[in-house]
Amino acid sequence: MDKNKFMRSVRLKESACQGCINCIKHCPTQAIRVHNGKAHIIDKFCIDCGRCIQSCPHHAKIAVYDPLSVINNFKYTVALPAPSLYAQYNNLTNVDIVLNALLRLGFDDVYEVSAAAELVSEASREYIKEHRDEAPFISSACPSVIRLIRVKFPSLISRLLPIKAPVEVAAEIARARAMEKTGLKPEEIGIIFISPCPSKVSYAKSPLGIEKSSIDNVVAIKDIYPLLLPHMRHDESQLSHLSHSGRIGIGWSSAGGESAGLFSDNYLAADGIVNILRVLEELEDEKLHGLIFVELNACDGGCVGGTLTVENAYIAATKTKRLVKYQPVSKNHLADNPELKNVYWADDVEYEPVFRLGSTFKESLKMMNDVESLTARFPGLDCGSCGAPTCQTLAEDIVRGDATPNDCIYVLRANIADLSRKIEDLTVNRKGKDSLTEEESQLLDSYIRTLTADLASFGVPSRSGKGDTE
Ligand code: SF4
Ligand code: SF4
């Protein structure tokens, strides 16, 4: 697979879409258009943030992920619960209650992503210490943030911390340990991540910084959540001791959790895609000083706010704080995990110029001028009636050849008024079609054809339904 190819997990359920244009206004990368009453996601612009899932009032945007039945595809399966899974449950006092329930549900083993997060925290501390003069570094744990930087902020790519995400580290360790324990081949072991968000579903299929992910399948927290409830035993005597995570690892589920693992105050933690865009712009403009680390989570509140969770992000964050209160700071160290061959990225992450208009600088410059002139013709209301989120986006679509000026109802109305005036001039003012010269008659026919086409693009059918010019 092309390492720069990006898979997308957020999709449209066409039958549910009402064409209400709500989603186009919320997409941070302006990746959605509405045409012929249905939304359409432009693959290369989408960063899988899931914001359109949250903003669609008709539940027409969905995330695609695996069903739990994938565990039947393997001889031995290991569940990788995201730390945000624990925060979904009320009155959880012990992570082992959830981990034991996963085994009762059918998994053969569990390995906590929060344990791997503590290894990533240790590697991050070491890396930042060694490269302090290159700070600030940007967290590379959220795939939507990495994707956003790759397509919109190329100058910040070098600031990404080149360290594998905790889920990838967890998958590598879990597979190595399962092979050692069972003697099975790698392909006979299923490493199944229980995810809070669609971007991590896409990550497993097209990972960043490495050739291939060790994750086999991704299931959603919201699917697993109700299935675990009947298997949860709160009586400690019925629980095997499975958890090996400390406060740092479990705390990664909420905004600020990753930064806490760096043991430094010189960090900034932002969550929610709108805030993230602002921070990235300020970083690009070198307006943020004195920082060694910038933690960015696309979802509000961090991973606990992912669209595949069930609990309110802020309640979940409070539950996490309560859960980790009496935990030791960290229980995992790189030196104790020889199975992890390399915690760093093996591949470079590259800029993807998907928003560039032309294929050369000269061509882009010309197209930008065209966009500017076209935008000036539009009313500047950003009403969305054309199906694009803003007047400028419509102008860009036109310049790319994906739309026409008549998609703007204001331009269309002006064109129709102009044509009607010309037709009136040739007919009413000249006493009917019979008095026209041959040339005027042809002109009239062309006006009527254009008018009929314009009206059709506006949804008004011609009398014969075939664009007749009579
Ligand atoms: S918000 Fe978007 S996906 Fe949902 S119904 Fe409206 S146009 Fe369709
Ligand atoms: S997932 Fe995010 S980037 Fe993709 S279409 Fe939806 S809102 Fe836009």
Side-chain angles (χ1 to χ4, degrees), residues 4-65 142-153 195-206 208 218 220 222 270-281 296-303 305-309 313 352-355 382-390 392-394 396-397 400 402-403 407 409 459:
N4 285 318
K5 189 158 168 42
F6 179 72
M7 309 288 293
R8 167 166 74 74
S9 300
V10 175
R11 307 273 171 83
L12 176 77
K13 190 173 157 197
E14 197 172 309
S15 57
C17 178
Q18 305 291 312
C20 68
I21 71 168
N22 225 326
C23 55
I24 65 171
K25 294 287 173 194
H26 290 90
C27 174
T29 55
Q30 303 180 322
I32 310 173
R33 304 289 181 275
V34 174
H35 289 139
N36 301 321
K38 298 288 176 193
H40 160 69
I41 300 175
I42 302 169
D43 279 356
K44 60 183 180 181
F45 295 168
C46 174
I47 59 166
D48 248 353
C49 68
R51 215 165 139 76
C52 55
I53 297 179
Q54 288 164 329
S55 65
C56 176
H58 304 286
H59 308 291
K61 289 277 172 42
I62 52 167
V64 177
Y65 48 83
C142 174
S144 288
V145 170
I146 301 184
R147 172 88 185 147
L148 184 61
I149 291 173
R150 286 179 77 182
V151 296
K152 279 205 163 206
F153 299 92
S195 176
C197 72
S199 76
K200 291 191 172 110
V201 181
S202 304
Y203 165 86
K205 296 195 175 82
S206 55
L208 296 152
V218 183
K222 66 177 183 170
D271 57 288
I273 200 77
V274 177
N275 297 327
I276 282 174
L277 276 165
R278 217 168 43 219
V279 169
L280 289 173
E281 277 159 16
L296 301 174
N297 289 286
C299 294
D300 293 340
C303 292
T307 51
L308 300 183
T309 61
E352 283 185 83
V354 295
F355 291 103
D382 295 340
C383 65
S385 302
C386 59
T390 64
Q392 179 166 338
T393 320
L394 174 62
E396 288 168 3
D397 287 352
R400 286 192 183 98
D402 298 331
D407 288 337
I409 55 165

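Numbering of ligands and ligand atoms starts at 1, following listing order. Along the sequence shown, residues are numbered consecutively beginning with 1.
Shortest contact from atom 2 (Fe) of ligand 2 to any protein heavy atom: Cys49 SG, 2.3 Å. Remark: minimum distance from atom 4 (Fe) of ligand 2 to any protein heavy atom is reached at Cys46 SG, 2.4 Å. Counting only heavy atoms of the protein, atom 8 (Fe) of ligand 2 lies nearest to Cys27 SG, 2.3 Å. The protein atom (non-hydrogen) at minimum distance from atom 1 (S) of ligand 2 is Gly50 N, 3.3 Å.
With sequence neighbours excluded, the residues satisfying side chain to side chain donor-acceptor pair (under 3.5 Å) with Arg33 are Asp397.
A 4.5 Å side-chain heavy-atom check between Val201 and Val64 finds every atom pair outside the cut-off. Thr307 is listed as a side-chain neighbour of Gln54, based on a closest heavy-atom distance under 4.5 Å. When side chains are defined from C-beta on, Ser202 does not count as touching Arg147, because their heavy atoms never get closer than 4.5 Å. Using a 4.5 Å heavy-atom threshold, the side chains of Asn22 and His58 count as separate. Residues Pro389 and Cys27 are not in side-chain contact: their nearest non-hydrogen atoms beyond the backbone lie 4.5 Å or more apart. Within the 4.5 Å cutoff, no side-chain heavy atoms of Tyr203 are placed close to those of Asp48.
Remark: ligand 2 atoms within the under-4.0 Å shell around heavy atoms of Val10 are 1 (S). Close approach of ligand 1 to Pro57 (heavy-atom distance below 4.0 Å) involves ligand atoms 1 (S). Ligand 2 places these atoms under 4.0 Å from at least one heavy atom of Ile47: 3 (S), 4 (Fe). Interface atoms of ligand 2 facing Pro28, defined by a heavy-atom separation under 4.0 Å, are 7 (S).
The shortest non-hydrogen separation linking Val218 to Ala204 is CG2-CB, 3.7 Å. The shortest non-hydrogen separation linking Phe45 to Val354 is CE2-O, 3.3 Å.
The side chain of Thr29, and not its backbone, has at least one atom closer than 4.0 Å to an atom of ligand 2 (non-hydrogen atoms only; side chain from C-beta on).
Atom NZ of Lys13 has 12 or fewer heavy atoms from other residues, nucleotides or ligands within 6.0 Å.
Under 2.8 Å from atom 2 (Fe) of ligand 1, one finds the following protein N/O/S atoms: Cys23 SG.
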